[in-house]
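Heavy atoms only: backbone and side chains are in, while hydrogens, waters and symmetry mates are out.
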Amino acid sequence: MYNQLVKPILFRMTAEKAHHFTVKLLKFANAVPGVSSVMRSIYKVEDKRLEREVFGIKFKNPVGLAAGFDKDAAMIDELSNVGFGFIEIGTVTPVGQPGNPQPRLFRLVDDRAVINRMGFNNEGVKASVERLKKRKSDVIVGGNIGKNKATANEDAVKDYEICFEELYPYVDYFVVNVSSPNTPNLRALQEKEPLTQLLSHLKNLRDAKEKRKPILLKIAPDLTDSQLDDIVDILQTVKIDGLIATNTTISRDGLKTPSQEVEEIGMGGLSGKPLRERATEVIRYIHKKSNGAFPIIGVGGIDSPEDAIEKLNAGASLVQVYTGFIFNGPGFVKSINKRLLEEN
């Protein structure tokens, strides 16, 4: 039904308008008595063979929703009904900010890809906390945290600390996002010295708490092998819990969309099918370089169940989808989980 009826309607709208329409539709549908249970019966796959225990957390299945779709923790209950094993909110910043000017979200239909330059648009960490307090589902929730655009890199640690402390009682794990290409100079925080300082500070805050929650780092696919070596060294030195590979890419190589159309879109991170190969390469490289010393969540270009299996075979413990979810619809999570059961 999604491909035949819903998707053609959504794809007639601008990408950002379609997103907001989808949010309203999901919330409206789930508010109707009985609809939530019907959705769960259609989309959820529950089987012990799908369960994974990773960085001390038990996941009902290994397929999660990547950050960016539910920036403000507004749809956790509704999205859990689609069958996700975990949902990552954010990127959340200390203070709400509008993000970059519109238009800032573009579909590349022939490539089954999206370019975005959203710029960490969100309502601020306190708004997310208030929603998290009211959620009903027991789905695993990750908190993806970043810095405000106006915050200088030398002051970035404080922004991450604010988000970390505010979210700590309400999420199950944290993701430190220093890899978005849409906040000026953010990716400079991936360099060895500032990244080590940031991660060490958050780990020290965590270690002083009564309940331990995992801290993960999200990296860009555009890093060189030398930079990836530094990432492995940092994770093993600081001893944070894992890695998410990868964020969106600034590369435009190999696209089917005419180059003039791509140039007119302009700056932004590319996600979707064209990212699949590079994201898998990064996962495989880091898994091999580290001898599997820490878990990896694989994300980037998963457009079919086979793509998810490819990430897992490359060394990922869990996977996340976003653009593939947009192009394939709500049955996508189920199709991946069903395929994983066939592998067992």
Side-chain angles (χ1 to χ4, degrees), residues 52 54-55 59 62-64 66-68 88 111 113 142 144 173-181 186-196 198-200 203 214-255 269-324 336 340 343:
R52 302 285 191 277
V54 186
F55 36 77
F59 295 82
V63 186
E88 196 170 301
D111 290 291
N144 186 302
Y173 70 88
F174 284 91
V175 180
V176 179
N177 187 356
V178 291
S179 53
S180 169
L186 182 75
R187 284 190 171 192
L189 293 174
Q190 290 179 119
E191 295 299 326
K192 195 166 188 177
E193 185 178 343
L195 185 55
T196 301
L198 171 59
L199 295 177
S200 297
K203 183 176 179 290
I215 301 171
L216 285 70
L217 171 68
K218 187 167 187 174
I219 61 168
D222 308 306
L223 299 176
T224 64
D225 286 354
S226 173
Q227 288 173 313
L228 292 175
D229 292 345
D230 284 345
I231 295 292
V232 171
D233 183 51
I234 291 166
L235 261 70
Q236 293 182 316
T237 300
V238 179
K239 293 183 170 58
I240 65 164
D241 303 273
L243 191 73
I244 297 186
T246 63
N247 210 320
T248 58
T249 180
I250 56 174
S251 171
R252 300 292 188 263
D253 293 341
L255 296 178
L270 175 76
S271 62
K273 198 170 182 178
L275 183 54
R276 178 191 63 80
E277 189 174 344
R278 177 55 186 164
T280 302
E281 281 177 1
V282 171
I283 293 163
R284 186 176 290 115
Y285 183 92
I286 288 177
H287 182 69
K288 185 176 180 181
K289 186 76 179 180
S290 67
N291 294 312
F294 45 79
I296 300 170
I297 298 180
V299 56
I302 297 175
D303 194 54
S304 70
E306 289 69 31
D307 295 338
I309 290 168
E310 177 186 69
K311 294 282 190 288
L312 295 168
N313 289 341
S317 301
L318 305 166
V319 295
Q320 289 178 327
V321 297
Y322 184 162
T323 306
I336 295 173
L340 289 172
E343 291 282 299

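Across Ser180 and Arg187, no two heavy atoms sit closer than the pair O-CG, 3.7 Å. Ser200 approaches Thr196 most closely through the heavy-atom pair OG-O, 2.7 Å. Minimum heavy-atom separation, Tyr322 to Ala66: CB-CB, 4.1 Å. Counting all heavy atoms, side chain and backbone alike, Ile219 lies closest to Gln190 at CA-OE1, 3.7 Å. Residue Leu275 comes nearest to Gly300 through the heavy atom pair CD2-CA, 3.9 Å, listed as atom of the first residue, atom of the second, then distance. In terms of heavy-atom proximity, Ile336 sits nearest to Val63 at CG2-CG2, 3.6 Å.
Proximity of a side-chain donor or acceptor of Ser179 to a complementary backbone N or O of Lys218 within less than 3.5 Å is detected. Panel note: side chain Glu310, backbone Thr280; no donor-acceptor pair is recorded below 3.5 Å. Proximity of a side-chain donor or acceptor of Asp241 to a complementary backbone N or O of Ile215 within less than 3.5 Å is detected. Using a distance-only test at 3.5 Å, with no hydrogens or angles considered, no donor-acceptor pair links the side chain of Gln236 to the main chain of Asp233.
Remark: of the listed residues Leu216, Ile286, Ile240, Ile286 is the sole one forming a side chain to side chain contact (heavy atoms under 4.5 Å, CB included) with Phe294. Of the listed residues (Asp222, Ile250, Leu186), just one forms a side chain to side chain contact (heavy atoms under 4.5 Å, CB included) with Pro181, and that residue is Ile250.
Residue Glu306 qualifies as enclosed at atom CD: its count of foreign heavy atoms under 6.0 Å is above 12. The environment of NZ in Lys288 is sparse: at most 12 heavy-atom neighbours from other residues, nucleotides or ligands sit within 6.0 Å. More than 12 heavy atoms of other shown residues, nucleotides or ligands fall within 6.0 angstrom of atom NZ in Lys203.
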Inset, instruction - Before giving the answer on side chain to side chain contact (heavy atoms under 4.5 Å, CB included), spell out for Leu270 and Thr248 the whole-Å C-alpha distance, their side-chain angles and the decisive distance to 0.1 Å. - result: CA-CA 5 Å; Leu270 175 76; Thr248 58; 5.6 Å; no
Legend entry - Worked check of side chain to side chain contact (heavy atoms under 4.5 Å, CB included) between Asp111 and Lys273: CA-CA 7 Å; Asp111 290 291; Lys273 198 170 182 178; over 6 Å; no
Inset, instruction - Using the side chain to side chain contact (heavy atoms under 4.5 Å, CB included) rule, take Leu312 and Leu340 through it: C-alpha gap first, then chi angles, then the decisive distance, then the call. - result: CA-CA 10 Å; Leu312 295 168; Leu340 289 172; 3.6 Å; yes
Inset, instruction - Mind running side chain to side chain contact (heavy atoms under 4.5 Å, CB included) on Val175 and Tyr173 for me, showing each step along the way? - result: CA-CA 7 Å; Val175 180; Tyr173 70 88; 3.4 Å; yes
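For the atom pair CG of Asp230 and CG of Leu223, the computed distance is 9.5 Å after rounding to the nearest 0.5 Å. Atoms CG and CD1, on Leu228 and Ile283 in that order, are 11.5 Å from each other to the nearest 0.5 Å.
By the 4.0 Å N-to-carboxylate-O rule, Asp253 lies too far from Arg278 to be salt-bridged with it. Remark: Arg284 does not engage Glu281 in a salt bridge, criterion side-chain N to carboxylate O under 4.0 Å.
At a threshold of 4.5 Å between non-hydrogen side-chain atoms, the residues Gln227 and Glu191 count as touching. Between Gln320 and Ile302, every side-chain heavy-atom pair lies at or beyond the 4.5 Å cut-off. For the pair Ile297 and Val319, the minimum side-chain heavy-atom distance is 4.5 Å or more. Using a 4.5 Å cut-off on side-chain heavy atoms (C-beta onward), Val232 and Asp229 make no contact. Counting heavy atoms from C-beta outward, Arg276 and Asp303 have side chains that stay 4.5 Å or more apart. A 4.5 Å side-chain heavy-atom check between Asn144 and Ile244 finds every atom pair outside the cut-off. Residues Val178 and Leu217 meet the side-chain proximity criterion, which asks for heavy atoms closer than 4.5 Å. Counting heavy atoms from C-beta on, the side chains of Ser317 and Ile296 never come closer than 4.5 Å.
In the model, Ser271 has a side-chain atom that pairs as donor or acceptor with a side-chain atom of Thr323 under 3.5 Å.
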